[in-house]
Amino acid sequence: MSKALEGVRILDMTHVQSGPTCTQLLAWFGADVIKVERPGVGDATRGQLRDIPDVDSLYFTMLNHNKRSVTLNPKTETGKAIFAKLIEECDVMVENFAPGAIDRMGFPWEKIQEINPRMIYASVKGFGPGPYEDCKVYENVAQCTGGSASTTGEIGRFPMVTGSQIGDSGTGLNLALGIVTALYHREKSGRGQRVTCAMQDGVLNLCRVKLRDQQRLAHGPLKEYPQYPNGEFGEAVPRAGNASGGGQPGWIVKCKGWETDPDAYIYVITQAAAFTGLAKAMGREEWLDEDHEWSTPEGRLPHLDQVFNEIEKWTMTRNKFEVMEILNPLNVPCGPILSMKELAEEPSLRATGTVVEVDHPERGKYLTVGNPIKLSASPSEVDRSPLLGEHTDEILIDVCGMSAEEIEAAKADGAV
Ligand code: CAO
């Protein structure tokens, strides 16, 4: 079976996380991704959070599978010529440097278009045009400036960032969609275009339910929030603990073993359609009596804390998987809190390729996440990340058409 993006060549100038997430996805779908790295240095993440001395970190390997690595310094004269040739030969160029870095290398968008009018030039930046457009941005800065931190955390406590890398990896996903869309458009127009994704925009996009609630706030209290009816609502959407963003009351409750296991919890959603099943499973049929104040969704709203307290008394008598087994057949949506250890060991995730074991020549075997997007006719395999400059010679020969003498000369003057 052929890969979906076979024949697409990507000039990958990305580093750290957001850009590499994007190009790794494209590589999983079969694109030839040529990762350009500074000679002798490489992507900074190769050396960050190392668990084994002198071996590429898991941070790097887990973001750069299925790519080829070429070392190149486009700031030297020879490097500029090689870089221009790569622009000519590639379909897409992706970068996530600080604003202006590619321009300072001597390759503004106008010049890239001149060299290759079919080029799709894709960038991640922290912010879009405006007061902060020149700022450097990392994950948590995006979470804070995109509305996630102000709406995440315990009620009345400080703002909180999440462990999901929604600013970096989330924006990388947006960029990948932008690139594939621009490739589709190029089929008709014959021309490339610029694709830009700002991390602040990506986070805000994922926080849309909170922007929804900001506007609802003008028309009265947010009744599904834990602050209702006893707490105060201010001018902005407050933090809401573990309340569900979808409008269905939900909360995290303790399960058997919570005293010693930090992940012995389950999320339970008490939507109207599920409440009957929930009450029966717990042996609390009296909640369904017409004259009980909890028998209707409206009646339960002001008492959600008590409702979840009662549910918790029941869940604490069973472990999180038993609760899931009892409630799921009753169509009560619930989710056990799964630790990274449990996810790493889960056989069904291995079977679908969502968690994959990869062999690396220097570090040996390690686990990584595989492609979360499954295509029936062009499945993806996960191949190990490249060593620094592992493919320099083959790319300079095959893609740039250079001779062995020219490559030696380029190495001698530090261009590659
Ligand atoms: N050869 C020679 N020089 C190279 C090179 C190469 N192959 N690759 C990169 N460089 C140079 C760049 O030209 C740049 O030099 P100048 O500043 O002199 O123009 C320099 O390396 C470093 O680029 P940078 O400023 O992007 O790197 P940084 O570590 O200081 O900042 C980051 C990192 C991520 C904060 C910044 O790149 C950024 O804000 N990127 C956009 C937003 C983003 O993607 N953030 C998420 C990152 S993942 O957490």
Side-chain angles (χ1 to χ4, degrees), residues 11-24 34-49 57 59-60 62-64 67-87 93-108 112 121-130 132-146 148 161-176 178-179 195-203 386 388-389 391-392 395-396 410-411 413-416:
L11 179 52
D12 180 9
M13 300 290 290
T14 67
H15 69 156
V16 204
Q17 186 178 166
S18 64
T21 302
C22 163
T23 51
Q24 175 170 263
I34 298 173
K35 185 173 173 95
V36 175
E37 296 182 83
R38 202 197 303 229
V41 181
D43 187 326
T45 59
R46 284 188 186 268
Q48 281 172 5
L49 307 175
S57 69
Y59 194 11
F60 177 83
M62 291 175 74
L63 282 158
N64 290 286
K67 303 181 185 178
R68 299 197 281 169
S69 165
V70 59
T71 52
L72 175 68
N73 184 347
K75 289 177 175 169
T76 65
E77 276 317 302
T78 316
K80 281 191 200 309
I82 297 171
F83 193 51
K85 183 67 181 160
L86 284 169
I87 292 174
M93 175 169 150
V94 193
E95 63 88 24
N96 67 307
F97 289 126
I102 298 284
D103 296 23
R104 289 192 289 278
M105 284 178 183
F107 291 88
I112 293 169
Y121 176 23
S123 306
V124 170
K125 295 290 166 255
F127 295 95
Y132 305 120
E133 64 189 25
D134 292 328
C135 297
K136 293 188 177 186
V137 168
Y138 284 108
E139 172 67 45
N140 288 345
V141 176
Q143 288 196 25
C144 292
T145 57
S148 179
V161 294
T162 126
S164 310
Q165 304 289 282
I166 56 176
D168 278 343
S169 288
T171 308
L173 299 179
N174 288 346
L175 197 70
I179 289 168
V195 179
T196 48
C197 290
M199 295 167 71
Q200 182 186 40
D201 299 6
V203 171
L388 178 60
H391 307 95
T392 299
I395 288 165
L396 295 180
K411 283 181 181 167
D413 77 6
V416 298

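Heavy atoms only: backbone and side chains are in, while hydrogens, waters and symmetry mates are out. Each ligand, and each atom within it, is numbered from 1 in the order the structure gives.
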**Student:** Side chains of Gln17 and Thr45: do they bring a donor and an acceptor to under 3.5 Å?
**Tutor:**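 There is no such pair between these side chains.
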**Student:** What part of Lys136 sits under 4.0 Å from ligand 1 if we count only heavy atoms: the side chain, the backbone, both or neither?
**Tutor:**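 For Lys136, backbone and side-chain atoms both sit under 4.0 Å from ligand 1.
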**Student:** I need the Tyr59 OH to Arg46 CZ distance, nearest 0.5 Å.
**Tutor:**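 Between Tyr59 OH and Arg46 CZ, I get 14.0 Å after rounding to 0.5 Å.
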**Student:** How far is atom 15 (O) of ligand 1 from its nearest protein heavy atom, and which residue and atom is that?
**Tutor:**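 Going atom by atom, the protein heavy atom closest to atom 15 (O) of ligand 1 ends up being Lys75 NZ, 3.1 Å.
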**Student:** Quick one: which ligand 1 atoms are inside 4.0 Å of a heavy atom on Asn73?
**Tutor:**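 The list of qualifying atoms is 1 (N), 2 (C).
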**Student:** Do we see a donor-acceptor contact under 3.5 Å between the side chains of Glu37 and Ser69?
**Tutor:**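 Ser69 and Glu37 do have a side-chain donor-acceptor pair below 3.5 Å.
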**Student:** What is the nearest protein non-hydrogen atom to atom 27 (O) of ligand 1, stated with its residue, atom name and distance?
**Tutor:**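 Scanning the protein heavy atoms, the shortest distance from atom 27 (O) of ligand 1 goes to His15 CE1, 3.7 Å.
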**Student:** Is it the case that ligand 1 has an N or O less than 3.5 angstrom from some N or O of Gln17?
**Tutor:**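 It does not: no N or O of Gln17 is found under 3.5 Å from an N or O of ligand 1.
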**Student:** Which atom names give the shortest non-hydrogen contact between Ala198 and Gly128, and what distance separates them?
**Tutor:**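 Scanning both residues, the minimum pair turns out to be CB-N, 3.4 Å.
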**Student:** Going from CD on Gln165 to OH on Tyr138, what distance comes out if it is rounded to the nearest 0.5 angstrom?
**Tutor:**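 Here the interatomic distance stands at 13.0 Å.
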**Student:** For Asp168 and Ser18, which I'm curious about, is there any donor-acceptor pair between the side chains at under 3.5 Å?
**Tutor:**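 Not at all, the side chains of Asp168 and Ser18 share no donor-acceptor pair under 3.5 Å.
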**Student:** Any idea which atoms of ligand 1 are less than 4.0 Å away from a heavy-atom of Asp168?
**Tutor:**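 Listed by number with element: 46 (C), 47 (C), 48 (S), 49 (O).
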**Student:** Give the contacting part of Leu72 toward ligand 1: side chain, backbone, both or neither, where contact means a heavy-atom distance below 4.0 Å.
**Tutor:**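 Under 4.0 Å from ligand 1, Leu72 contributes backbone atoms alone.
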**Student:** In the protein, what heavy atom is nearest to atom 17 (O) of ligand 1, and what distance, to one decimal place, separates them?
**Tutor:**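 Going by distance alone, atom 17 (O) of ligand 1 is nearest to Arg104 NH2, 3.5 Å.
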**Student:** For residues Pro39 and Thr71, report the shortest heavy-atom separation together with the two atoms involved.
**Tutor:**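 Heavy atoms of Pro39 and Thr71 come nearest at CA-CB, 3.8 Å.
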**Student:** Under 4.0 Å from ligand 1, counting heavy atoms only, is it the side chain of Met13, its backbone, both or neither?
**Tutor:**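 Answer for Met13: neither.
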**Student:** Check each of Tyr138, Phe127, Phe97 against atom 32 (C) of ligand 1 and report the one with the nearest heavy atom.
**Tutor:**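 Considering heavy atoms of Tyr138, Phe127, Phe97, the nearest to atom 32 (C) of ligand 1 sits in Tyr138.
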**Student:** Can you name the nearest heavy-atom pair linking Asn73 to Gly414, along with the distance?
**Tutor:**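 Residues Asn73 and Gly414, closest heavy atoms: CB-O, 3.9 Å.
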**Student:** Where is the nearest protein heavy atom to atom 40 (N) of ligand 1: which residue, which atom, and how far?
**Tutor:**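 The closest one turns out to be Asn96 O, 2.9 Å.
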**Student:** Between Glu95, Gln165, Arg38, which one has a non-hydrogen atom sitting closest to atom 20 (C) of ligand 1?
**Tutor:**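 It is Arg38 whose heavy atom sits nearest to atom 20 (C) of ligand 1.
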**Student:** Can you name the atoms of ligand 1, numbered from 1 with element, that are less than 4.0 Å from a heavy atom of Val124?
**Tutor:**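 Those qualifying, in numeric order: 41 (C), 44 (O).
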**Student:** Less than 3.5 Å between some nitrogen or oxygen of Val36 and one of ligand 1, yes or no?
**Tutor:**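 Min N/O separation from ligand 1 is not below 3.5 Å for Val36.
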**Student:** Between Lys35 and Asp43, is there a side-chain N and carboxylate O pair less than 4.0 Å apart?
**Tutor:**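 Looking at Lys35 and Asp43, the cut-off is met.
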**Student:** Numbering the atoms of ligand 1 from 1, which are under 4.0 Å from a heavy atom of Pro74?
**Tutor:**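 Counting atoms of ligand 1 from 1, those under 4.0 Å from Pro74 are 1 (N), 6 (C), 7 (N).
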**Student:** Just heavy atoms, cut-off under 4.0 Å: does Val137 contact ligand 1 by side chain, backbone, both, or neither?
**Tutor:**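 The part of Val137 near ligand 1 is the backbone, not the side chain.
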**Student:** So which heavy atom in the protein is nearest atom 5 (C) of ligand 1, and how far is it from that ligand atom?
**Tutor:**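 That would be Met105 CE, 3.8 Å.
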**Student:** Of all the atoms in ligand 1, which lie at a distance below 4.0 Å from a heavy atom belonging to Ser18?
**Tutor:**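 That gives atoms 43 (C), 44 (O), 46 (C), 48 (S) of ligand 1.
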**Student:** Between Lys67 and Thr23, is any side-chain donor less than 3.5 angstrom from a side-chain acceptor?
**Tutor:**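 The answer is yes; a qualifying pair exists.
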**Student:** For Ser57 and Gln48, test the side chains for any donor-to-acceptor distance below 3.5 angstrom and give the result as yes or no.
**Tutor:**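 Not at all, the side chains of Ser57 and Gln48 share no donor-acceptor pair under 3.5 Å.
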**Student:** Is the Phe83 ring parallel, tilted or perpendicular to the Phe107 ring (thresholds 30°, 60°)?
**Tutor:**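 Perpendicular.
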**Student:** Name the option, out of Gly167, Cys22, Gly40, Ala98, that contains the heavy atom nearest to atom 24 (P) of ligand 1.
**Tutor:**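 It is Ala98 whose heavy atom sits nearest to atom 24 (P) of ligand 1.
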